[in-house]
2 protein chains.
Amino acid sequence: MKPERRPLSTLGTEEAVSQLADLFRLMGDTSRLRIILASLHEPISVSDIAEKLELSQSLVSHHLRLLRAARVVRSERRGKKVFYVAADEHIQCVIEDMVAHIGEPDQAEGDD
Amino acid sequence: MKPERRPLSTLGTEEAVSQLADLFRLMGDTSRLRIILASLHEPISVSDIAEKLELSQSLVSHHLRLLRAARVVRSERRGKKVFYVAADEHIQCVIEDMVAHIGEPDQAEGDD
DNA sequence: CAAACATATGAACACATATTCATTTGTTTG
DNA sequence: CAAACAAATGAATATGTGTTCATATGTTTG
């Protein structure tokens, strides 16, 4: 089920556009995007992310801090481990839309 | 009307994830995002973009080259001017979803 | 409390890239 | 064809940032 989208009229201020760009930029790094994908459907611990993606624990932690600050993911502690999961369903929607864009047939007009 | 999304099963390869990240990164710059927004609904010329956004013609052109290469926008020449417009409706969807994410209520669990 | 495990943080560095300036290419019209 | 306008390109630079290494903080268990 697809969640509702919002009109773009919210993007009047420079600050709003800046906040939006920040989110896209966060998803624009391969490591971070893989981390997001790994935590998209179910909570996963930092160490499991690091192992699964073959990234250092430190790097994963650094990225998760940025993602959590932007509320792309949220954290939950379970004993010694900390689990991260995508914050809301919109994150998945954004990714799915972008994948759909990639699959779109090319209809360039002045591309030569 | 919302276009169809695609499943994320396409993201198996590293190359697919990399391509996806490239697109997000392109939208993660304030100037580029503003350019995308300016050309979202109707074709607009390079000079009009530059004037409207108060960016240099050169800068706009540089960014448009990247956006066109990634098929985020497509170009069409009309006389001396070149008009750019968002390549497909998925671009708008992605933005709308991200705006919706920003408007999402905060439900952090371990945020303190 | 000490030891072991899991995560977070800080500094430093290598690398990418957004922007500017100068120039070139392309298009229309006298 | 020359002049004027519009857009694209290239080089140079300043700034941002992804990654690593070392270390600190937090948590459980003996």
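In what follows, chains are A, B, ... by sequence order, proteins preceding strands, each numbered from 1. Basis for what follows: all heavy atoms, side chains included, without hydrogens, waters or symmetry-related copies.
Computed from coordinates, the B/I49 CD1 to D/dA6 C1' distance equals 13 Å when rounded to whole Å. Put simply, CZ on A/R68 is 11 Å from C1' on C/dT7, counting in whole angstrom units. Between A/L64 atom CG and D/dT19 atom C1' the separation is 15 Å, expressed in whole Å. Distance, B/I35 CD1 to D/dA7 P: 13 Å, rounded to whole Å. For the pair A/L66 CG and D/dG16 P, the interatomic distance rounds to 15 Å; values are reported in whole Å. Counting to the nearest Å, the P atom of C/dT7 and the CD atom of A/E51 are 11 Å from each other. Distance CZ (A/R34) to C1' (D/dT19): 14 Å, rounded to an integer number of Å. Per the geometry, NZ belonging to A/K80 stands 12 Å off P belonging to D/dT27, to the nearest Å.
Ring geometry for B/F24 against A/F24 counts as parallel: the plane angle stays under 30°, on a 0 to 90° scale with 60° as the upper cut.
Scanning atom types as modelled, no donor and acceptor separated by under 3.5 angstrom connect the side chain of A/S56 and the base of D/dT19. On a pure distance criterion of 3.5 Å, no polar donor-acceptor pair joins the side chain of A/Q57 and the base of C/dA6. Put simply, the side chain of B/S58 and the base of C/dC21 share a donor and an acceptor less than 3.5 Å apart.
Nucleic acid contact for B/K81: sugar-phosphate only, since backbone atoms but no base atoms lie under 4.0 Å from a heavy atom of the residue. Using a 4.0 Å heavy-atom criterion, one finds that B/R25 contacts the sugar-phosphate atoms exclusively.
Side-chain atoms of A/E15 and A/Q19 include no donor-acceptor pair closer than 3.5 Å. Side-chain N/O atoms of B/S56 and B/S58 include no donor and acceptor closer than 3.5 Å.
Put simply, the side chain of B/R77 gets close to the backbone of B/G79: a donor and an acceptor are under 3.5 Å apart. Distance alone, capped at 3.5 Å, is enough to place a donor-acceptor pair between the B/S39 side chain and the B/I35 backbone.
An aromatic stacking contact between A/H62 and the base of D/dT19 is absent, as defined here by ring centres under 5.5 Å apart and ring planes under 30° from parallel.
Distances from the side chain of A/R77 to the nucleotides D/dG26, C/dT9, D/dT9 place D/dG26 closest. For A/S47, the listed nucleotide lying nearest its side chain is C/dT7; candidates were D/dT19, D/dA8, C/dT7. Closest to the side chain of A/H63, out of D/dA6, D/dT19, D/dT27, is D/dT19. Taking every side-chain heavy atom of A/L59 into account, D/dT19 is the closest of C/dA6, C/dA8, D/dT19.
In this structure, A/S31 reaches the D/dT19 phosphate: one of its side-chain N or O atoms is under 4.0 Å from OP1 or OP2. Dashed line: the shortest gap from a side-chain N or O of B/Y84 to OP1 or OP2 of D/dA6 is not under 4.0 Å. Distances shorter than 4.0 Å separate some side-chain N or O of B/R65 from OP1 or OP2 on D/dT9.
Contact check on A/E76 versus A/R74 returns no salt bridge, with no Lys/Arg side-chain nitrogen under 4.0 Å from an Asp/Glu carboxylate oxygen.
The residue among A/G79 and A/D29 whose nearest nucleotide of DNA chain D lies closer to the 5′ end is A/D29.
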